[in-house]
Amino acid sequence: MKVIVLGAGVIGTASAWYLAKAGHEVTVIERRPGAGLETSFANGGQISVSHAEPWANPSAPLKVAKWLMREDAPLLFRLRPDLDQWLWGFAFLRECLPARTRENIVQIVNLGLYSRAALRELRRETGIVYDHLEAGILHFYTNRREFDAALAPAALMRELGCDREILTTDECVAREPALAGIRHQLAGGTYTPSDESGDAHLFTRRLSELAAARGVSFRYGHLVLGMERAGGAVAGVRVTDSEGRISMLEADAYVVAMGSYSPRLLRTLGIHAPVYPVKGYSVTMAVADPARAHRVSLTDDEYKLVFSRLGNRLRIAGTAELNGYDTQLNETRCRAILRRAEELFPGAGDSATARFWTGLRPATPGNVPLIGRARYPNLYLNTGHGTLGWTHSCGSARALADLVDGRRPALAFRFLGLPYTENFAAAH
Ligand SMILES: Cc1cc2nc3c(=O)[nH]c(=O)nc-3n(C[C@H](O)[C@H](O)[C@H](O)COP(=O)(O)OP(=O)(O)OC[C@H]3O[C@@H](n4cnc5c(N)ncnc54)[C@H](O)[C@@H]3O)c2cc1C
């Protein structure tokens with residue numbers, strides 16, 4: 001079958017890989033000159049099954065309200081006269097109900113476990129390298145109340161098969177000696193030995209090269225303008241190349257993987273996709289002193305920041321801002337991240353080499369991505385991966401390739417266009 005994938009972020013590229021592996025003739029359309037140059041470019045680098053609590057949880061509404069006016073808030077709603085933002089905000093509130101939060105965690109953990117296993121298989125199969133470390137993820141807490149509140153979700157994750165252990169302060173430092181300097185501030189931590197880290201951009205670029213070698217055609221510098229319908233199905237995609245030539249590309253099936261821009265395209269087909277851009281920041285700097293730099297990937301609960309070691313670089317990422325499609329760097333937010341990194345690990349990184357970046361997470365209100373068939377028999381979505389797009393990339397893409405082939409993927413997940421069976425995975 002001929003399949004067109006729209007977008008070459010980590011999700012579109014992984015989709016192309018698994019579709020090609022399943023024997024399809026795949027073309028990828030991407031406006032940038034290469035793969036992984038937007039949100040998949042400089043993210044936190046975590047393959048984090050353990051990071052499954054969505055932003056939308058019972059404690060979020062109060063926190064978000066408190067943070068509304070704080071320029072350096074970890075999660076900042078900048079209220080705008082933007083209907084999509086308000087609709088998303090109301091849907092977010094609904095996902096904060098305890099039962100919804102629990103259900104979302106189940107989805108996120110199931111997809112995370114499946115996806116991490118798919119990534120490992122891909123690594124074994126291709127030998128792909130991307131500054132990855134299999135040293136686990138340690139989530140540390142500097143606030144006793146937050147640590148206590150994390151115990152129940154961690155127990156739920158263990159119940160669901162994610163090995164998230166509870167650590168005392170001393171155990172945190174034993175796992176990651178770079179935390180010794182803040183031992184007195186720590187309330188405790190959780191550690192997931194099977195989680196990983198690495199450079200998502202390097203991964204995406206290398207996977208695109210492997211996919212190209214397998215016959216996938218990547219059309220970079222091509223902007224998707226819209227989709228055409230005929231006879232109750234998608235009939236083609238209108239694109240323009242870097243010289244401004246417009247053409248219509250046709251295939252048997254279409255996969256929309258344009259990250260935060262997916263809803264704009266889908267609107268042209270009358271489909272509402274509840275995906276809103278949530279801006280995040282990262283800082284990347286050279287390691288100055290390897291003895292002070294962490295090796296285990298870390299999550300700082302209080303500041304909602306993640307820290308990954310990418311070879312001889314340190315990556316610190318986080319913060320979330322709902323402010324439309326704006327991608328300008330805000331100096332205050334950049335400096336706040338760098339300040340926190342220096343406070344926690346003084347001398348570990350060389351701040352003179354710091355590079356700041358911002359990207360738009362394609363977020364659904366409950367952080368559960370949209371994967372599966374939408375409205376038309378030949379239209380598929382693989383989008384809305386929010387905070388965990390890299391973690392979920394291989395699993396989402398592999399599952400999508402199954403759906404395109406008419407097979408039920410081997411995991412319990414709320415796929416679009418399919419009835420959801422909680423016990424599906426257990427039954428197989
Ligand atoms: C600060 C930050 C930290 C993060 N940390 C982590 C982490 O530690 N672990 C993790 O798992 N996830 C993390 N994420 C989330 C993860 O990076 C995203 O979920 C993921 O990159 C989304 O991938 P995507 O392919 O859907 O989107 P993108 O990477 O944005 O790809 C979409 C592609 O579509 C293309 N496109 C859009 N519109 C058009 C058009 N009209 N025509 C042609 N092409 C188009 C874009 O150019 C782009 O290349 C983080 C995100 C941020 C912002």
Side-chain angles (χ1 to χ4, degrees), residues 4-16 28-49 51-52 108 111-112 115-116 119 137 195-201 203-204 208 218-227 237-241 255-265 268 275 277-284 297-299 304-308 310 315-321 325 327 333 337 356-364 367 369-371 381-397:
I4 291 181
V5 177
L6 306 177
V10 69
I11 300 295
T13 303
S15 303
V28 182
I29 312 293
E30 167 58 50
R31 61 184 171 187
R32 298 291 203 132
L37 293 177
E38 294 217 351
T39 311
S40 308
F41 185 68
N43 71 14
Q46 294 192 330
I47 293 293
S48 174
V49 178
H51 200 153
I108 294 167
L111 182 57
S115 200
R116 197 176 56 197
L119 171 66
I137 293 181
D195 274 344
E196 307 182 355
S197 58
D199 184 332
H201 173 239
F203 173 82
T204 309
S208 71
F218 284 86
R219 297 207 190 173
Y220 294 121
H222 280 63
L223 181 71
V224 175
L225 299 174
M227 287 178 134
V237 191
R238 249 178 319 111
V239 304
T240 172
D241 67 14
V255 177
V256 177
M258 287 171 23
S260 293
Y261 297 85
S262 303
R264 290 184 163 183
L265 175 71
T268 67
V275 174
V278 180
K279 184 176 173 180
Y281 286 81
S282 74
V283 180
T284 309
S297 188
L298 301 169
T299 300
K304 308 281 179 252
L305 293 176
V306 303
F307 296 71
S308 291
L310 307 175
R315 167 80 46 79
I316 306 109
T319 80
E321 186 178 336
Y325 286 83
T327 52
R333 288 173 92 74
I337 296 175
F356 300 105
W357 169 85
T358 176
L360 300 175
R361 300 176 185 89
T364 61
N367 210 35
L370 308 173
I371 308 167
L381 308 191
N382 198 1
T383 194
H385 290 75
T387 56
L388 289 175
W390 187 32
T391 302
H392 289 163
S393 59
C394 289
S396 303

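Just so you know, these numbers use all the heavy atoms, side chains as well, and skip hydrogens, waters and symmetry mates. As the structure lists them, so they are numbered: ligands from 1, and atoms in each ligand from 1.
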| message | With heavy-atom distances below 4.0 Å as the criterion, list the atoms of ligand 1 near Gly280. | response | 1 (C)
| query | So which protein heavy atom does atom 3 (C) of ligand 1 come closest to, and at what separation? | reply | Gly44 N, 3.4 Å
| remark: The atoms of ligand 1 lying under 4.0 Å from a heavy atom of Leu223, numbered in the order shown, are 40 (C), 41 (N), 42 (N)
| note | The option among Thr39, Ile316, Val224 carrying the non-hydrogen atom nearest to atom 30 (O) of ligand 1 is Thr39
| task | Select one of side chain, backbone, both or neither to describe which atoms of His222 lie under 4.0 Å from any atom of ligand 1, heavy atoms only. | result | backbone
| query | Does even one non-hydrogen atom of Leu37 get within less than 4.0 Å of ligand 1? | reply | no
| message | Closer than 4.0 Å to some heavy atom of Gly359 - which atoms of ligand 1 meet that? | response | 53 (C)
| remark: Rounded to the nearest 0.5 Å, the CD atom of Glu196 sits from the OG atom of Ser297 at a distance of 10.5 Å
| Purely on distance, is any nitrogen or oxygen of Leu360 under 3.5 Å from one on ligand 1? | no
| field | Proximity winner for atom 4 (C) of ligand 1, if only heavy atoms of Leu6, Asn382, Asn43, Ile337 are counted | value | Asn43
| task | Compute both the distance and the angle, then confirm whether Arg31 meets the cation-pi test with Tyr261: under 6.0 Å from the six-membered ring centre, within 45 degrees of the axis. | result | yes
| request: Report the part of Trp390 (side chain from C-beta onward, or backbone N, CA, C, O) that has a heavy atom under 4.0 Å from ligand 1; answer both or neither where that applies. | output: both
| How many angstroms lie between atom CD1 of Ile11 and atom CG of Leu381, to the nearest 0.5 angstrom? | 12.5 Å
| query | Roughly how far, to the nearest 0.5 Å, is CG of Leu310 from CZ of Arg315? | reply | 5.0 Å
| remark: ligand 1 to Arg32, heavy atom cutoff 4.0 Å, flagged ligand atoms 47 (O)
| What atoms in ligand 1 come closer than 4.0 Å to a heavy atom of Ile11? | 23 (O), 24 (P), 25 (O), 26 (O)
| task | If you have a sec, work out which protein heavy atom is nearest atom 51 (C) of ligand 1 and how many Å separate them, to one decimal? | result | Arg361 CG, 3.6 Å
| field | Region of Ser282 that comes within reach of ligand 1 [heavy atoms, distance under 4.0 Å] | value | neither
| field | Nearest non-hydrogen partners of Val278 and Ala320, listed with the distance | value | CG1-CB, 3.5 Å
| query | If you measure only the distance, is there a donor-acceptor pair under 3.5 Å linking the side chains of His385 and Ser396? | reply | yes
| atom 8 (O) of ligand 1: the protein heavy-atom neighbour that sits closest, reported with distance to 0.1 Å | Gln46 N, 3.0 Å
| message | When you compare the side chains of Ser197 and Ser308, does any donor N or O come within less than 3.5 Å of an acceptor on the partner? | response | no
| field | Residue and atom name of the nearest protein heavy atom (relative to atom 44 (N) of ligand 1), distance in Å to one decimal | value | Arg31 N, 3.2 Å
| field | Arg32 and Glu38 ion-paired at < 4.0 Å | value | yes
| query | Are any of the N/O atoms in Gly12 less than 3.5 Å from those in ligand 1? | reply | no
| request: For residues Thr391 and Gln46, report the shortest heavy-atom separation together with the two atoms involved. | output: OG1-O, 3.1 Å
| remark: A student checking ligand 1 against Val10 at a 4.0 Å heavy-atom cut-off should list atoms 23 (O), 25 (O)
| said: Considering non-hydrogen atoms of the protein only, which is the closest contact for atom 29 (O) of ligand 1, and what is the distance? | reply: Ser40 OG, 2.5 Å
| task | May I ask you to identify the nearest protein heavy atom to atom 18 (C) of ligand 1, giving residue, atom name and distance to one decimal place in Å? | result | Gly386 O, 3.7 Å
| message | On a heavy-atom basis, which atom in Ala16 and which in Val28 lie closest, and how many Å separate them? | response | CB-CG2, 3.6 Å
| note | Residue, atom and distance of the protein heavy atom nearest atom 31 (O) of ligand 1 read Gly9 CA, 3.2 Å
| task | Find all atoms of ligand 1 within a distance of less than 4.0 Å from any non-hydrogen atom belonging to Thr391, and give their numbers and elements. | result | 9 (N), 10 (C), 11 (O)
| request: Could you check which of His201, Arg219, Met258 puts a non-hydrogen atom nearest to atom 32 (C) of ligand 1? | output: Met258
| query | Measuring from the heavy atoms of Thr383, does anything fall under 4.0 Å of ligand 1? | reply | no
| remark: For Tyr281, the ligand 1 atoms with a heavy-atom partner under 4.0 Å come out as 1 (C)
| request: To the nearest 0.5 Å, tell me how far Thr358 OG1 sits from Glu321 CD. | output: 7.5 Å
| said: Looking at every heavy atom in both Pro263 and Val275, which two are closest together, and how far apart are they? | reply: CG-O, 3.4 Å
| task | With rounding to the nearest 0.5 Å, note down the distance linking NE2 in His201 to CG in Leu37. | result | 4.5 Å
| task | Record the part of Thr387 in heavy-atom contact with ligand 1 below 4.0 Å; permitted values are side chain, backbone, both and neither. | result | backbone
| message | So which atom in Ser40 and which in Val10 form the shortest heavy-atom distance, rounded to 0.1 Å? | response | OG-N, 3.0 Å
| remark: protein heavy-atom neighbour closest to atom 49 (O) of ligand 1 works out as Glu30 OE1, 2.7 Å
| Exercise: identify the closest heavy-atom pair between His392 and Ile108 | NE2-O, 3.4 Å
| remark: Value for CZ (Phe203) from CD1 (Ile47), rounded to nearest 0.5 Å, stands at 7.0 Å
| ligand 1 contacted by Ala257 (non-hydrogen, < 4.0 Å) | yes
